[in-house]
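See below for the structure under consideration.
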Amino acid sequence: MSSGRPMIDRYRWYEYVAIYVGMFLFLGFVLSPFIEGFLVSLKPLTHLFSSPYRFWPEDGSFDAYFTMWEHVPLLGRYIFNSLLISSLATIAVLILVVPAAYAFARFEFPGSGPLLGAFLAVNMFSGAVLLIPLYRLMRSMGLLNTYFAMIVPGVAFLIPTAIWLLRTYLLRIPRELDEAAWVDGAGRLYILRRIVLPIAAPGILVVALATFIGAYAQQFIFALTFNSKSEFMPLAVGLFAFFGKERVVWNELMAASFVGIAPVMIGFIFLQRYLVAGLTAGAVKQ
Amino acid sequence: MRAFFPGERPLSELTLSSLKKSFAGTAVIKGVDLDVTQGEFVVFVGPSGCGKSTLLRMIAGLEEVTSGEIVIAGKTVNDLPPVKRGIAMVFQSYALYPHMSVYENIAFPLRVEKLPEDQVRTRVSEAARVLQLESRLQQRPGTLSGGQRQRVAIGRAIVREPKIFLFDEPLSNLDAALRADMRIELTRLHKKLGATMIYVTHDQVEALTMADKIVVLNAGQIEQVGSPLDLYHRPANRFVAGFIGNPKMNFLQGTCTAADGAGITVDLGPLGLITLPRAGSPALVGQRLEVGIRPEHLSLDAPGGFRLTIRPGIIERLGIHTVAYAPLPNGDTFVALFDGDPPVADDTDIEVSVDPALCHLFDEAGLAVGLAA
Ligand SMILES: Nc1ncnc2c1ncn2[C@@H]1O[C@H](COP(=O)(O)OP(=O)(O)O)[C@@H](O)[C@H]1O
Ligand SMILES: [Mg+2]
């Protein structure tokens with residue numbers, strides 16, 4: 001085959017077949033819930049319980065995307081809450097993690113190794129294990145039913161991964177850059193601000209995105225436990241409003257889920273270029 | 001260079017006294033004493049890992065001093081940060097800031113100082129002029145060639161107007177041709193600025209070509225300090241003799257059989273007897289000595305002298321020189337360097353000779369015995 005590929009990337013026809021079959025299997029497995037969810041959102045509710053069940057919507061429409069706002073008036077608020085909680089958590093994580101990761105990347109201090117190990121260990125606990133103690137703590141401090149209660153525990157669980165990610169990135173910035181700046185009279189904070197942060201920007205973006213996704217995914221459990229006020233609910237909990245007395249309004253629930261994910265998806269598509277660049281590029285191309 | 005009044009001793013810019021450094025209990029610098037005069041170009045040379053960078057970084061203020069004293073311009077600076085020592089450093093990797101333009105890279109130390117913009121501009125353009133970087137000021141370092149990056153790094157050092165420039169192997173990332181050009185440029189720069197420069201390299205050619213004064217380091221200690229020709233002609237010990245000069249000096253082991261006021265005779269075993277015309281104490285008799293012969297002192301057609309028959313296995317013809325490598329009975333390789341393109345062939349015996357007065361002699365401790373002519 002005289003394709004323009006380098007030799008190392010050339011395969012025989014049956015290898016191509018195997019590669020593509022594997023890719024489709026994997027993608028199908030990952031994407032089928034989304035596809036089914038989207039199709040459900042297009043079907044009238046009556047069709048959902050008809051038998052035989054039809055996979056493909058025959059008289060599909062986008063009606064559910066309009067009626068859901070009327071059935072659940074707070075839906076917009078839920079979506080806003082979701083984004084707000086995740087954004088605030090991300091900002092809080094970044095503020096704490098950037099200096100911490102710099103310290104772990106550049107300073108040798110007693111206990112830095114064990115501390116990093118302990119951070120990894122925190123990831124082995126899910127937040128769920130600590131829910132009861134956290135609940136008691138929040139209650140005694142009078143913090144239940146606030147945004148604070150949903151953000152702060154999340155931040156605590158997101159910090160370790162973020163420190164590991166960013167530290168790895170900062171380690172790839174040559175120490176000589178810090179030293180050169182120090183020889184020229186710059187102090188640690190000046191170096192951090194003027195040298196390290198600008199060079200680490202792609203890495204910080206990766207950490208911000210990973211943290212945002214993490215916060216988005218984990219807010220459900222904290223919101224469910226620490227909050228019972230509907231005006232503070234994030235979408236994941238707010239979706240329960242579609243669970244009626246005798247039936248679940250599946251098509252609107254799916255529609256609401258997709259609308260809730262949409263802003264994050266769109267943001268992702270925009271930032272994906274930087275994400276890939278940040279994950280793969282050498283930190284410093286001199 | 002600053003002009004000195006007759007009789008005045010040149011100012012000492014930098015003094016190191018019994019300087020020591022250990023990392024976690026391992027001694028890396030084991031007591032260094034050195035005096036550097038204002039305006040001098042000093043080269044620290046030594047094999048990789050001997051502590052050159054560590055010593056330079058101690059002078060810069062990047063490594064703490066374990067014991068001893070560093071004095072710059074009459075002031076002890078052991079505990080001062082780099083910027084207060086009046087030094088500027090050029091790193092091996094250049095350490096340019098990739099996200100800043102060349103202009104901002106050079107201006108960086110002035111920005112830290114918070115100098116007004118017009119002064120920054122004057123100083124940066126002056127440095128750019130000296131280094132021929134004027135047309136590159138708006139580019140990022142990533143778009144520059146190796147030699148240009150090197151010059152940017154030097155520019156960043158120049159704008160500070162330091163008393164002492166420190167260079168850590170600044171040319172080692174450049175290819176051979178560029179390295180030769182940059183050597184000349186650095187020497188020219190030193191003449192123009194007249195500043196004190198301390199330059200670290202493992203390359204003895206850089207040391208010999210650029211230095212006013214060479215400091216040969218080995219395993220954390222100074223082996224010898226001197227001018228390039230001093231070190232070449234009068235190495236104080238076997239290490240310096242072997243390190244300075246390319247190709248390396250040949251060493252022939254032997255036993256001293258006679259020594260008096262007129263000459264020292266060494267029995268080189270299968271290679272014969274050699275008598276070096278220099279005074280030696282009779283106490284040398286019976287000692288193991290080493291005779292050092294520089295490859296370039298060997299000749300093919302000179303009469304007399306110490307004669308040696310060798311059979312070169314490999315011959316390198318460089319046009320200006322011819323280098324012959326021949327095995328010795330003890331397994332060492334003997335190197336001879338001839339001018340031009342003489343009629344020698346590999347695997348064919350040739351007789352070479354050397355004037356014994358030019359040979360070096362080292363005792364069992366590796367110290368030079370007498371001086372070569
Ligand atoms: N920060 C450090 N910690 C421990 N050992 C070091 C450190 N820096 C240098 N060394 C050791 O000191 C010795 C000299 O290193 P260096 O000064 O870099 O040598 P050179 O520049 O002559 O090649 C080496 O054996 C090196 O391993
Ligand atoms: Mg070094």
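Please read these numbers as outputs of a predicted model, since none were measured by experiment. Per chain, numbering begins at 1; letters A, B, ... match sequence-line order.
Residue A:Ala201: no heavy atom, backbone or side chain, is found under 4.5 Å from chain B.
Looking at residues two or more places apart in sequence or on another chain, you find no side-chain hydrogen bond (donor to acceptor under 3.5 Å, both in side chains) involving B:His99. Taking the side-chain hydrogen bond (donor to acceptor under 3.5 Å, both in side chains) definition, one finds that A:Ser87 meets it with nothing, sequence neighbours left out. With sequence neighbours excluded, no residue forms a side-chain hydrogen bond (donor to acceptor under 3.5 Å, both in side chains) with B:Glu113.
Residue-environment remark: CD (A:Glu15) exceeds the threshold of 12 foreign heavy atoms within 6.0 Å.
With respect to chain B, the highest number of heavy-atom pairs below 4.5 Å among A:Arg194, A:Arg175, A:Glu176 belongs to A:Glu176.
Using a cut-off of 4.0 Å between Lys/Arg side-chain N and Asp/Glu carboxylate O, B:Glu126 and B:Arg129 are scored as salt-bridged. In summary, A:Asp178 and A:Arg188 engage in a salt bridge, as defined by a charged side-chain N under 4.0 Å from a carboxylate O.
Here the two rings, on B:Phe44 and B:Tyr199, have centers that are 6.0 Å apart or farther.
The contact list for residues 52-62 of chain B toward chain A, using heavy atoms and a distance under 4.5 Å, reads B:Arg57, B:Gly61, B:Leu62 by residue number.
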